[in-house]
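Beneath this line is the structure, given in structure tokens, with notes to follow.
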Amino acid sequence: MGHPMFTYDPGMGETIFEYCRTRLSLDPVPLDYGGIRDDPASQIEGIISENGNDPVKVLELFATQLATAVVSIDSPRFLAFIPNAPTKASLLFDMVVSCSSLNGTSFLESAGIVVAENQLLAFLAERAGMPPTSGGTFVSGGSLGNLSALAVARDDGRRNHPAADPRHLRVAISQEAHSSVGSALHLLGMDPLVVASRDHVMTADALRAALDADDDPASIVAVVATAGTTNAGIVDELEGIGQLTKDRGMWYHVDAAYGGAAMLGTTRRHLFAGLRHVDSFIVDPHKWLFAPLDCCALVYREPRLARVTHTQHASYLDVLHVPDNDGEVEWNPSDYAVHLSRRARGMSMWYSLAVHGTRLYAEAIDRAVSIAEEAAALIRAADHVELCRDPTLSIVLFRRIGWASSDYFTWSRRLLNDQVAMVTPSKWEGETVARFAFLHPDTSLAIVAEVLDSMR
Ligand SMILES: *Cc1c(COP(=O)(O)O)cnc(C)c1O
């Protein structure tokens, strides 16, 4: 007999597998309550103890007291923030990743993971119009993806812009850039040049005007465009901005964390053609590519530049970086972002995409766009609500005519309490408004109508 913590307990195994089987087959999953439930902390008091507890009892505590205080972001009724709607295949394979303790740090340890994750990255890069030599890794989310890419952009800027003060490099971003871009610049010691958007889109003309009007244009070494803003799903002028960054020798990063998936669909694909110009881009499989949390694909045009910035050196890591006979070092996912040890987090989507094929993915992605269009039509037809803007991708911003800001907050809480939907307020041009973010292909127009009716 081995140590008790390392011996398989079939009873505990069956209990857990049964829970997972049931959760996977719930249709629909209950929305549940998240933070609006009574504070669950008291329910688990004392559970961490010297002698432990019966595994069935602990799981039951989780199921009855904790899981109900977590909103199911995979519910077709979850329409807040950016939902997470993983396929069943990706969830099942995530169990394989967990049960096999799959590590994806280095080629030496995990060649089988590296080749599969790289196959998926190559697929995404190819759809973005990037060359076959591009590559990167999967990180925990868009925030870490943006940070990792902009660290490479900064180092590249220091090398290629000798006229600029290396301690005062700047990056042009739009007013609508995601909050994580601002955080990344702060962490990296760079300042933003905020480009005024035109109708919420960063255009090449607006960027050119901002650069030409600037006192110190040499200090601006990179541009971040957004392909699908989180609040409104707006796509910047990727093609024109790409041309401009090339002309001026600036690094071009596109944050496509949410919207990038649309390049795999059919109806909005054209908006992403300009991705072919990028030096780096991100897209989150845990958003509109139907993978479980947490997963962001980060791709560089020239991966060697990322290695210069991100490879960690230590005596015990040298073994990962021994060149082969051709002088090549194997591909280590750890060399391409701010991380070292990593879960093989690209594998859940890899399995699901390999099983289902690209056609079903395109269909599911297109479905979210069409639900947004159908919802917009319902809003146009109703007299108590109105659109703030026609949707570009799968996000719809709209107002309830006559409501004050506090009305939206009260209504949002009531909707969740009644288990109708999770829809949270946002802002549009300073005004509090309602916002639908569609991803789950099973979100029906009946659900949308139910939510709109609740605002009468
Ligand atoms: C969600 C999002 C991010 C941040 O991604 P996380 O995975 O939440 O870290 C960055 N940029 C955009 C445009 C996003 O929608």
Side-chain angles (χ1 to χ4, degrees), residues 71 73-74 78-86 90 124 128 136-151 153 171 173-188 192 194-195 197 200-202 222-238 241 252-263 268 271-272 274-275 278 280-299 337-339 342-343 345-346 348-349 365 368-369 372 391-397 424 426-427 435-439:
V71 172
I73 61 177
D74 57 338
F78 184 90
L79 306 173
F81 314 114
I82 301 285
N84 167 243
S90 70
L124 295 170
T137 185
F138 292 95
V139 295
S140 64
S143 303
L144 201 73
N146 284 332
L147 174 65
S148 299
L150 289 173
V171 176
I173 67 175
S174 89
Q175 272 165 330
E176 323 279 326
H178 188 264
S179 47
S180 61
V181 173
S183 306
L185 295 182
H186 170 69
L187 291 171
L188 294 166
V194 179
V195 178
S197 48
H200 303 271
V201 177
M202 179 157 74
V223 175
V224 178
T226 311
T229 58
T230 318
N231 193 40
I234 295 167
V235 182
D236 287 338
E237 224 176 78
L238 302 184
I241 296 171
Y252 185 27
H253 175 69
V254 171
D255 176 357
Y258 148 67
M263 73 186 177
R268 294 295 182 271
L271 297 172
F272 297 83
L275 275 176
V278 302
S280 54
F281 80 94
I282 60 160
V283 58
D284 277 0
H286 70 217
K287 289 180 173 171
W288 202 357
L289 288 173
F290 314 118
L293 292 164
D294 47 13
C295 190
C296 165
L298 163 61
V299 178
V338 187
H339 60 198
R342 60 181 291 279
R343 174 178 165 84
R345 59 168 61 81
S348 313
M349 179 176 170
I365 290 163
V369 174
T392 305
L393 299 176
S394 69
I395 295 175
V396 182
L397 289 169
T424 45
S426 184
K427 282 219 163 95
R435 173 178 173 278
F436 286 135
F438 297 109
L439 288 197

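Both counts, for ligands and for their atoms, begin at 1 and track the order of listing.
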### Query
What atoms of ligand 1 come within less than 4.0 Å of a heavy atom belonging to Tyr258?
15 (O)
### Query
Counting both backbone and side chain atoms, is some N or O of His286 under 3.5 Å from an N or O of ligand 1?
yes
## Note on the structure
Note: Asp255 and Ala257 closest approach over all heavy atoms is OD1-N, 3.1 Å
### Summary
Heavy atoms of Ile173 and Met202 approach each other most closely as C-SD, 4.1 Å
### Query
Identify the closest protein heavy atom to atom 6 (P) of ligand 1: which residue and atom is it, and at what distance?
Gly142 N, 3.2 Å
### Query
Heavy-atom distance under 4.5 Å between the side chains of Asn231 and Leu397, does that happen here?
yes
#### Entry: Subset of ligand 1 atoms that lie under 4.0 Å from at least one heavy atom of Ser180
10 (C)
### Message
If the contact criterion is a heavy-atom separation under 4.0 Å, does Cys296 count as touching ligand 1?
### Response
no
### Message
Restricting to non-hydrogen atoms, name the atom on Ala372 and the atom on Leu393 that form the minimum distance, rounded to 0.1 Å.
### Response
CB-O, 3.7 Å
### Query
What about Thr226: any of its N or O atoms under 3.5 Å from an N or O on ligand 1?
no
### Message
Using modelled atom types and a 3.5 Å cut-off, is there a donor and acceptor pairing between side-chain atoms of Tyr252 and backbone atoms of Leu238?
### Response
yes
### Query
Any N or O of Thr229 that comes nearer than 3.5 Å to an N or O of ligand 1?
no
### Message
If we set the cut-off at 4.0 Å for heavy atoms, which region of Ser143 has an atom near ligand 1: side chain, backbone, both, or neither?
### Response
both
### Message
Heavy-atom contact check, 4.0 Å cutoff: does Asp284 meet ligand 1?
### Response
yes
### Short side-chain donor-acceptor distance under 3.5 Å, Thr229 and Glu176
no
#### Entry: Top protein contact for atom 4 (C) of ligand 1, by heavy-atom distance
His178 CE1, 3.4 Å
### Query
If we ignore angles and hydrogens, is there a donor and acceptor under 3.5 Å between the side chains of His253 and Asn146?
yes
### Message
Minimum distance, heavy atoms only, to atom 13 (C) of ligand 1: which one of Asn84, Thr230, Asn231 is it?
### Response
Thr230
### Message
Students should be able to answer this: which protein heavy-atom is nearest to atom 1 (C) of ligand 1, and at what distance?
### Response
Lys287 NZ, 1.3 Å
### Task
Look only at interatomic distance and state if Ala257 has a nitrogen or oxygen under 3.5 Å from any nitrogen or oxygen of ligand 1.
no
### Query
Do you know which two heavy atoms are closest between Pro292 and Cys295, and how far apart they sit?
O-CB, 4.1 Å
### Query
Taking atom OG of Ser394 and atom CD1 of Ile82, what is their separation to the nearest 0.5 Å?
7.0 Å
### Query
For atom 11 (N) of ligand 1, what's the nearest protein heavy atom and its distance?
Asp255 OD2, 2.6 Å
